[in-house]
Amino acid sequence: MGIFPENPCEFAVEFIKRMRGHPDIIQIPSSRQVLSIPKLILSRYYRKGTITPNDFIEISSLTSYPDNQELAKNIAFDILFPNYHKDLINESFQDFEENNGRYQEEIESEIRSEMDHLQDLIDEIESKTFDSSTFQKLEEFFDELSQKRHEEPFKSALHFFNDDSELYKDQISSIEELLDEARNKMMDKINSLDPEDLKAGHSLGLDELIQEQSLRIWEKITSKAINNQDIHDDMNELFDLGRFEDLIQTLKFLGETGALNKEDLQKLKNYLENQIKNLDQLFSAAKNLGETPTFNQEKVIENSLGEASFEHNFNLANSLDQYYGTDLRNKLLEKYVQELETFKTPPSLEDLTKNAIARKSWNDLFQESLHHSIKEAMNQVKKNEAMKALTQQLHQLTNSCQNVHSSQKMAQKLPDLVKETLRASENSTQLKDSVEFFRKVGLNPESADIKNLGRTLGMSEEEILELIEPNYQLLKKLMDSNQADFQRLSNLIDQIRDQLNKDQISELMTLSLASDNREALAALGHFDLGDAIKTAQEVGGKEAEEKLISSLTAGSGENLLKQWFIHRRNIPNTSKEKVKELVKAILVELGIYYSRARLGSAITGPIPINIVRPFIVGDDFDNVDLEETVMNILEKGKKLNHIDYDDFLVYETAKGLRSVVIELDISGSMDGEKLAQMALCTTMLLYGLRKDELAISYFESDTHVLKSINEEVELDKIADELLSITARGGTRIQAALEWARLEFKKNANSREKLNIIFTDAEIFDLQPAIEELRILKAMNVDFIIICPETQFNLQEAEKMAKIAGGQLLTLNDWNEFPKLIADIIKVKF
Amino acid sequence: MRDKEKFKELFNQALVKDVFEEEINIVLSGQYGKALELLRDAESTGLYPALVGPPGVGKTILCRYFASIRAKESQYSHSFHWLTMDESIKPSHFLGSFDPAITLNKGFVLDAFNPGPLLSAMLEGGTFLANEINRATEYSQNTLLEPLEEASISIPHLGRIKAHEDFFFISAMNPEELSGTHRLSEALKDRIKIWIKLTYPDKSTELDIIRINLPEHFTIEESELELIYSIINETRKNTVDIEVPASIRAGIAMAKLLGRKRYLEREHDNKEKESIYVHLSDIVKTVLLGSIKPKPGVKVQDIINRIINKILGA
Ligand SMILES: Nc1ncnc2c1ncn2[C@@H]1O[C@H](COP(=O)(O)OP(=O)(O)OP(=O)(O)O)[C@@H](O)[C@H]1O
Ligand SMILES: [Mg+2]
């Protein structure tokens with residue numbers, strides 16, 4: 001070989017062979033790629049007159065599908081330079097031999113003659129050349145290089161190369177070529193040179209070039225300085241013109257290249273004192289120089305105060321304090337307090353909370369700001385409302401404040417503010433509202449305050465008592481008197497869930513049974529289903545138990561479904577069946593409801609073919625419905641030459657059936673939420689896609705088929721199955737995918753095929769699963785994999801999606817599951 | 001616009017000339033020079049290429065430029081046609097369709113047929129760019145199979161035509177992760193032989209692109225350009241929060257906005273230039289808001305604030 005580093009045809013065959021055998025391959029290369037490679041190599045040779053190993057590598061990569069390109073580069077490099085990665089020699093190619101036989105045959109039959117033709121061209125080119133010394137020269141040069149790589153000019157020239165493989169690829173075989181290429185690479189970087197580049201450029205004698213070509217003043221000045229030229233005038237000009245950013249960059253470069261000695265540099269930096277006018281500039285100087293130069297603190301803060309917002313300034317001061325050890329925040333806050341008169345409005349509570357520090361200056365400023373806010377609230381017409389809002393804001397800010405000290409300071413102000421707010425009530429309704437409001441957000445007003453104010457506002461003692469001790473008492477009262485609805489009772493129970501003990505639940509149950517309060521019974525049942533049924537049994541025997549169960553429907557269906565999956569093991573056997581019947585009815589009903597609400601009725605089943613609409617430009621003329629069109633024109637009484645586009649009516653092309661196969665991973669799920677949402681999703685699909693081809697399974701180590709495509713199922717029966725399904729262990733994705741593939745293959749008749757798989761387990765059987773994925777892809781199945789966003793390792797799932805040519809979607813809230821599935825189906829069809 | 005004459009005049013003024021007369025401001029260092037060479041290799045071997053890259057890395061401009069060189073060099077292939085695809089694209093949008101009114105009068109005759117961009121390119125020996133090809137449905141993608149494999153195409157009712165030998169086809173697409181709902185059909189994948197990836201260019205190239213795209217009177221300082229680049233680059237480094245980072249367009253937009261502000265300051269003879277930091281943080285906020293796409297659950301505003309904080313300090 002002289003012209004070509006390797007015979008292009010043989011190279012291509014070897015390359016494709018290795019690609020096909022590699023375990024990381026994503027898209028198996030087509031056999032015709034073996035022709036594209038030598039063709040392109042030849043074309044490049046004809047155009048440039050030479051060909052380098054780099055051309056081989058680039059062309060191998062380019063003719064490979066984008067996802068395979070990295071792999072292709074490595075494989076091509078290994079073929080050309082088998083000794084470069086000695087230690088990594090590919091253990092992964094063990095199964096070559098196997099693939100080899102099959103591949104040779106394909107070449108034989110299909111492509112051989114074209115290959116022969118290319119080989120003739122190659123032979124012709126090679127026969128004209130006698131040069132066999134290229135490689136020898138290359139190797140000699142590399143020997144020299146490896147000895148002198150730390151000497152100049154080698155060292156500086158190599159600076160512009162990423163690594164030695166670039167030299168190989170470009171066949172650089174003499175110092176002249178090396179310097180030439182280094183110069184080119186430096187030229188490309190002019191106007192974005194970094195300090196190291198400038199140093200290397202100097203060693204290669206390129207200073208003049210840089211100073212001539214660069215648009216950047218700091219590149220020019222630094223280059224001069226490295227080259228020992230005088231830079232006094234340049235620097236003076238920068239200082240005089242106040243070109244601050246250029247100045248900073250120049251100082252940075254002078255420092256990092258070591259072009260100036262420490263003292264000279266320091267002298268220059270000292271001049272910055274007059275240049276730095278505000279915090280922005282101080283930050284820029286510090287960031288670039290790695291330290292804060294001397295600056296006039298008074299002046300900088302004074303200027304900044306007038307120029308920018310509190311938050312802007314504080315953020316800058318904060319960054320500076322944090323990274324460069326200044327104490328600017330405190331100074332800044334002190335200055336704000338001092339100048340409060342001039343500024344009139346202090347910074348907002350919100351800004352101060354975001355920018356809290358444990359300093360007296362901050363406390364003072366916060367105090368001022370709070371005063372100011374209270375004053376404003378009390379000036380409002382609805383001052384009670386305004387105060388409530390302010391208190392809530394302070395409460396939220398207290399919780400969100402990152403600084404513990406400040407947060408405490410803020411919390412200390414809360415009780416007073418609560419009291420002030422109550423005091424701002426003008427009548428008993430406002431007082432009640434405020435008290436309830438504060439309790440809801442967890443701020444408990446003092447009983448004494450409520451009492452005093454209640455009396456002042458003329459409330460009766462009874463009213464006042466209810467305001468003071470609301471929860472359990474109120475609950476009792478409501479349950480007894482059949483007054484409140486399920487939602488209210490549930491909320492109340494929820495508020496005191498941590499205090500409720502067994503006796504109290506018993507008491508509440510007795511009360512509700514006695515007053516025959518269905519809503520109350522439901523609220524208790526939805527709080528803890530297992531416990532409630534047991535308690536009912538204890539309190540009132542069989543009859544009570546039945547009453548409770550029949551009341552459960554008063555609550556939300558979704559919640560009951562969740563309760564079922566969480567508590568089903570704790571439900572006494574006597575009533576298990578009954579509860580299950582109830583939940584089952586709910587599951588079916590909700591499934592239908594979800595299907596209508598989420599999937600819509602429009603998308604189910606094939607769309608009827610007899611819809612016509614007016615022609616629009618771009619429509620296929622074949623779709624014109626002649627009969628309808630003629631009728632239409634006759635009806636309008638039009639003459640031939642008055643006929644226009646929209647007089648034509650076209651068929652709306654009908655959609656075919658769709659096939660959807662879904663596999664849901666139930667392994668290791670003790671969580672009621674997940675099973676409930678999966679069950680809901682299942683009934684939703686069964687109903688919504690009842691006219692389409694649908695198959696659903698749950699899987700873990702086994703695959704539980706709920707419905708196969710060619711099976712008619714009753715919603716009721718499936719619901720029953722769903723409610724009793726339990727997860728055992730392990731996850732076998734491959735088995736589930738295999739089932740899906742067989743469904744598509746044996747039972748599906750439609751053109752549009754969609755597979756959705758959900759998993760939240762670690763994937764252990766990726767390799768066998770990959771085979772299934774490739775087949776699904778070849779069958780043209782649209783593939784979606786869903787994983788929880790919190791999945792430990794999303795990479796495997798990503799790989800699966802890639803191989804199947806599909807998409808990975810993530811889920812962050814179980815409540816979103818049916819919606820996500822519905823959205824996928826709507827988008828895909 | 002009621003006045004037909006006025007319309008005609010304006011239209012002719014605005015009409016894009018042949019590609020070979022159009023002036024294209026393009027930077028050809030770094031990946032672009034290489035990609036251009038590759039397109040030429042592809043052309044001379046008759047292998048059809050695809051340009052793959054995220055939005056705004058210069059796929060379209062490169063194709064236009066390539067088409068313009070072809071136009072200058074060849075005596076035939078002056079034309080450049082393109083079609084940007086989505087779900088609603090149908091085969092007739094490539095090929096052309098019959099004008100129903102004429103067809104009803106005269107039948108399916110040549111007169112009644114309005115050729116589409118692919119057919120025109122095939123007849124004229126021009127360059128055809130199928131932009132965002134992976135957003136078209138598989139059905140429409142299949143229309144391209146015959147032209148790519150046999151260099152011919154069949155027009156219903158009229159017959160089959162053979163493409164001019166200078167006809168050349170390029171496709172462009174976003175990487176699969178970013179694409180819409182459809183993917184490239186296996187059959188089409190097999191017919192595209194060269195996959196040219198474009199990514200965000202290296203620093204010196206990107207700086208040149210920004211410079212070349214700035215109108216002359218909108219000059220900005222090199223130090224300002226450096227800051228703009230740091231911001232753009234910051235969005236590309238943060239792959240944890242950002243799904244689609246700022247494109248070249250975003251950098252150009254920032255530079256233009258800043259250039260305009262500077263221009264206005266000069267116009268009004270403002271002695272005190274407003275500080276670059278204030279300008280830039282305003283500009284960054286508006287431009288980035290529309291040009292980066294965060295990962296699900298991350299707020300763009302937070303990302304922008306962090307970037308501003310890191311680069312500009314506030
Ligand atoms: N090499 C270049 N030289 C000059 N300008 C460029 C270059 N690359 C990109 N640009 C500019 O960047 C912008 C985006 O380029 P272009 O529209 O070609 O991108 P695209 O990859 O086709 O984007 P999309 O995927 O959104 O279609 C344009 O304004 C273009 O002028
Ligand atoms: Mg484009």
Side-chain angles (χ1 to χ4, degrees), chain A residues 27 30 32-33 36 39-40 42-44 46-47 62-67 69 188-192 215-217 245-246 249 278-281 283-284 287 307-308 311-313 315-316 319-320 615 617-622 624 640-641 643-645 648 777-778 780 789 802 805 810 812 827-828, chain B residues 29-30 34 37-38 40-42 44-47 49 52 90-93 97-101 103-105 108 138 156-157 175-177 181 183 185-186 189-190 193-197 202-205 207-208 211 221-224 226-227 229 275-278 281 296-297 309 311-314:
Chain A
Q27 172 94 20
S30 88
R32 300 194 62 88
Q33 192 182 341
S36 307
K39 269 191 195 166
L40 278 167
L42 276 172
S43 137
R44 203 172 265 200
Y46 290 134
R47 194 161 48 78
L62 280 167
T63 50
S64 302
Y65 194 64
D67 287 334
Q69 289 192 347
D188 285 346
K189 282 182 87 175
I190 280 188
N191 285 330
S192 59
L215 298 169
R216 303 191 148 182
I217 190 76
E245 279 296 316
D246 288 341
Q249 290 292 341
N278 56 30
L279 287 166
D280 279 313
Q281 293 189 331
F283 177 81
S284 174
K287 190 182 83 177
E307 281 171 13
E311 183 160 26
H312 181 89
N313 287 332
N315 279 337
L316 282 167
S319 303
L320 284 160
F615 186 99
V617 181
D619 272 337
D620 242 336
F621 203 60
D622 288 345
V624 170
L640 267 190
N641 42 8
I643 292 173
D644 217 326
Y645 285 130
F648 290 76
K777 182 183 190 186
N780 241 332
E789 205 170 80
K802 272 230 159 118
T810 54
N812 57 11
V827 169
K828 289 291 166 181
Chain B
S29 58
K34 269 196 173 163
E37 297 240 311
L38 291 168
R40 312 220 68 177
D41 284 338
S44 64
T45 39
L47 301 171
V52 187
K90 299 206 192 105
S92 50
H93 295 116
S97 55
F98 287 95
D99 178 330
T103 309
L104 204 71
N105 270 319
F108 292 105
E138 187 164 347
H157 306 291
E176 225 154 59
E177 310 88 72
T181 48
R183 49 193 152 106
S185 83
E186 291 295 311
K189 233 184 236 174
D190 209 38
K193 294 286 166 39
I194 301 185
W195 302 91
I196 304 173
K197 274 203 214 168
D202 57 46
K203 182 172 172 184
S204 60
T205 306
L207 292 180
D208 278 343
R211 288 188 195 107
E221 305 277 335
E222 278 300 310
S223 58
E224 297 171 335
E226 183 70 21
L227 276 174
Y229 182 80
S275 124
I276 162 81
Y277 312 100
V278 177
S281 58
N309 185 268
I311 307 290
L312 302 173

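Naming: A, B, ... by sequence-line order, numbering from 1 per chain. Values below: all heavy atoms of this structure, side chains included; hydrogens, waters and symmetry mates excluded.
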### Message
Which one wins on heavy-atom pair count under 4.5 Å against chain B: A:Q33, A:Q281, A:Q27, A:E789?
### Response
A:Q27
### Query
How long is the gap from CG on A:L215 to CG on B:D208, to the nearest 0.5 Å?
8.5 Å
### Task
Find the distance between CD1 (A:I217) and OG (B:S223) and round it off to the nearest 0.5 Å.
11.0 Å
### Side chain to side chain, A:D246 and B:E221, heavy atoms closer than 4.5 Å
yes
### Query
Does A:L62 reach the side chain of B:K193, with side-chain heavy atoms less than 4.5 Å apart?
no
### Message
Looking at every non-hydrogen atom in both residues, tell me the closest pair between B:N309 and A:S319 and how far apart they are.
### Response
ND2-OG, 3.9 Å
### Message
Any heavy-atom pair between the side chains of B:D202 and A:K189 that's under 4.5 Å?
### Response
no
### Query
In terms of heavy-atom proximity below 4.5 Å to chain B, should A:E307 be classed as side chain, backbone, both, or neither?
neither
### Query
Does the pair A:R216 and B:E226 meet the rule for a salt bridge (Lys or Arg N to Asp or Glu O under 4.0 Å), with working shown?
CA-CA 10 Å; A:R216 303 191 148 182; B:E226 183 70 21; 2.5 Å; yes
### Message
Return the CD1 to OG1 distance between B:I196 and A:T63, rounded to the nearest 0.5 Å.
### Response
11.5 Å
#### Entry: Check against side-chain contact (heavy atoms from CB on, under 4.5 Å), A:L40 and B:I194
CA-CA 10 Å; A:L40 278 167; B:I194 301 185; 3.6 Å; yes
### Query
Closest approach of A:S192 and B:S204, non-hydrogen atoms and distance?
OG-CB, 3.1 Å
### Query
Can you say whether A:E311 sits under 4.5 Å from chain B via the side chain, the backbone, both, or neither, judging by heavy atoms?
neither
### Task
Sort A:N812 into side chain, backbone, both or neither according to what part of it lies under 4.5 angstrom from a heavy atom of chain B.
neither
### Query
Any side-chain donor-acceptor pair under 3.5 Å between A:S43 and B:T45?
no
#### Entry: Side-chain H-bond candidate by donor/acceptor type, A:E245 with B:Y277, under 3.5 Å
yes
#### Entry: Under 4.5 Å from a heavy atom of chain A, the part of B:T103 involved
side chain
### Query
How long is the gap from CD1 on B:I311 to OG on A:S284, to the nearest 0.5 Å?
11.0 Å
## Note on the structure
Closest non-hydrogen contact found for B:W195 with A:Q69 is O-NE2, 2.8 Å
### Task
Count the heavy-atom pairs under 4.5 Å between each of B:S92, B:A101, B:P156, B:S185 and chain A, then report the option with the highest count.
B:S92
### Task
Please flag which part of B:D41 lies under 4.5 Å from any non-hydrogen atom of chain A: side chain, backbone, both or neither.
both
### Task
Would you mind checking which part of B:S44 comes under 4.5 Å of any heavy atom in chain A, side chain (CB onward), backbone (N, CA, C, O), both or neither?
side chain
### Message
Less than 4.5 Å to any heavy atom of chain B: does that hold for the side chain of A:K39, its backbone, both, or neither?
### Response
both
### Task
Please report the closest heavy-atom contact between B:L227 and A:K287, naming both atoms and the distance.
CD2-NZ, 4.5 Å
### B:Y229 versus chain A, the contacting section by heavy-atom distance below 4.5 Å
neither
